[in-house]
J.: 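Handing you this structure, nothing more for now.
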Protein chains: 2
Amino acid sequence: MTIHKGIRTGGRSARVQQSIHEAVKLLLESHDRADVTVPMVAQQAGVTPSTIYRRWGDLATLLADVALERFEPDDKLPDTGSFPGDLMAYAEQYLDEMSSSLGRSMLRDVAASDDSQCAGRCADIITTRLTILTDRAQARGEDYPPPDQVVDRVFAPMVYRIIFSKTAPDVDYVRQLVDQCLSEKSA
Amino acid sequence: MTIHKGIRTGGRSARVQQSIHEAVKLLLESHDRADVTVPMVAQQAGVTPSTIYRRWGDLATLLADVALERFEPDDKLPDTGSFPGDLMAYAEQYLDEMSSSLGRSMLRDVAASDDSQCAGRCADIITTRLTILTDRAQARGEDYPPPDQVVDRVFAPMVYRIIFSKTAPDVDYVRQLVDQCLSEKSA
DNA sequence: TCGCTTAACGCAAATTATTTGTGTTAAGGT
DNA sequence: ACCTTAACACAAATAATTTGCGTTAAGCGA
């Protein structure tokens, strides 16, 4: 018994949603983000445009939804044996994924989403993953900063520069952020 | 002799641009950002839609352009007599402007802009204003952090929370950011 | 398992937004 | 004052979005 009262999550609906998500991802590889349209996605996915409009409302919402799905991690965070190492590895991986042209536009799509749940979930993903790292640290008996502080000191600056700066941040910059974050009190 | 080679910046062009900007600002007060359209703006401004499409390309670009104009400060930064006071005043003012529903959507519009110059100028405005504050601090003989560090420590977290967090940051949070930023070495 | 209800879809017509071709106006330079 | 042509208005052509309605099948309960 599902919790939802009437909203259908499986069967054909699930297949349609998946094929539309796939279509977006496929089109985004060969086309510029600016010239992919709803009818284009619909044709690629083998559905009618009205299906997409009825479900997502507009292209921006759909793109944000797909981007969010991509942010959802499928791989485990590598355990380097120490919190500083774990954090550095995650931060570098995040930079690598998000500073690319595609990652950048995905970040923009989510940021632009007027649905506050969408952008919120994006932030939740980072916080959740950081909590995994701090849990590990605690289990090891290490000293560590709270996840919120890591967000402020490392990920917020990184995301800010990716979105607003003309030049993408490099690895050295991220290392600096992590080092500075770790050389402080745990509040 | 203007530097531009053929691009017209005055006379009718300037009047049309201004009336379109005014129209956007007016419409954004009574309508939700999601349901203002190009033809709607055109009618309000007394121009034809094709004028807007030819000049800005699409609604998103126009909205980002108008938002950027609004970010451009018309008032002077208040001189409180010390760098900590100046910075706190500016940070609080920024929070006040950007955490409103309108400010939030303006920030999103600029962030979503695929024109890298647009988002870049948004960041430049902050850095430029911070440089004014550090120049004052230097003239007073105060110790102060470099503008880039203030961006990382104060404005990046603030903007990140405004865009991605479900709940807007409050004044206490910003005060904490400023305090923490100032209690560090000037790198 | 078998119906029942209705969410989600396809299809096509109606509406609205965007692009494009052409003529006109006036900004910026000579 | 006189060119050149950027920027605009207008309207026709195209493309995107919305909407009405019939059909399919997901989720639910007997």
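A note on names: the letters A, B, ... follow the listed sequences, proteins ahead of strands, and every chain is numbered from 1. The figures that follow rest on heavy atoms only: side chains count, while hydrogens, waters and symmetry mates do not.
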J.: Let me know the distance between CH2 of B:Trp56 and C1' of D:dA7, rounded to the nearest Å.
T.: 11 Å
J.: With no angle test and no hydrogens, is the base of C:dC11 tied to the side chain of A:Ser50 by a donor-acceptor pair under 3.5 Å?
T.: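 Per atom types, the contact qualifies.
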J.: CZ/B:Arg121 to OG/B:Ser113 distance, rounded to the nearest 0.5 angstrom?
T.: 10.0 Å
J.: Could you tell me how far apart A:Asp35 (CG) and C:dT19 (C1') are, to the nearest whole angstrom?
T.: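 Interatomic distance, CG of A:Asp35 to C1' of C:dT19: 15 Å.
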J.: Nearest 0.5 Å, what's the NZ-CD distance between B:Lys25 and B:Gln44?
T.: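 So the gap between those two atoms works out to 13.0 Å.
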J.: Rounded to whole Å, please give me the gap between CD1 in A:Ile20 and P in C:dA8.
T.: 13 Å
J.: Has A:Ser19 got a side-chain atom pairing as donor or acceptor with A:Val16's backbone, closer than 3.5 angstrom?
T.: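 The answer is yes, because a donor-acceptor pair under 3.5 Å joins these two groups.
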J.: Atom CZ of B:Arg55 to atom C1' of C:dA27: distance rounded to whole Å?
T.: 12 Å
J.: Using only modelled atom types and a 3.5 angstrom limit, is any donor from either the side chain of B:Arg54 or the base of C:dT19 paired with an acceptor on the other?
T.: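 Absent.
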J.: Expressed in angstrom and rounded to an integer, what is the separation of B:Ile52 atom CD1 from D:dA7 atom C1'?
T.: 14 Å
J.: Between C:dA26 atom C1' and B:Ile7 atom CD1, what is the distance in whole Å?
T.: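 Interatomic distance, CD1 of B:Ile7 to C1' of C:dA26: 17 Å.
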J.: Select from A:Val47 and B:Pro49 the residue whose nearest nucleotide in DNA chain C is closer to the 5' end of that strand.
T.: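 The residue mapped nearer the 5' terminus is A:Val47.
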J.: Give a yes/no answer on whether the side chain of B:Thr37 brings an N or O atom under 4.0 Å of OP1 or OP2 in C:dA17.
T.: yes
J.: B:Asp58 CG to D:dA16 C1': how many Å, rounded?
T.: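 Rounded to whole Å, this separation is 14 Å.
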J.: Show your reasoning for whether salt bridge (charged side-chain N to carboxylate O under 4.0 Å, His left out) applies to B:Asp65 and B:Arg55.
T.: CA-CA 11 Å; B:Asp65 190 39; B:Arg55 218 157 132 168; over 6 Å; no
J.: Going through the checks in order, is the side-chain contact (heavy atoms from CB on, under 4.5 Å) test met by B:Val151 and A:Phe164?
T.: CA-CA 12 Å; B:Val151 168; A:Phe164 292 102; over 6 Å; no
J.: Would you please confirm or rule out a distance under 4.0 Å between OP1 or OP2 of D:dA9 and any side-chain N or O of B:Thr51?
T.: yes
J.: Nearest to the A:Arg12 side chain among C:dC9, C:dA17, C:dG28, which nucleotide is it?
T.: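 The answer is C:dC9.
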J.: From CZ of B:Arg8 over to P of D:dT4, roughly how many Å is that when rounded to an integer?
T.: 13 Å
J.: OP1 or OP2 of C:dG28 less than 4.0 angstrom from a side-chain nitrogen or oxygen of B:Thr9, does that happen here?
T.: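 Yes, within the criterion.
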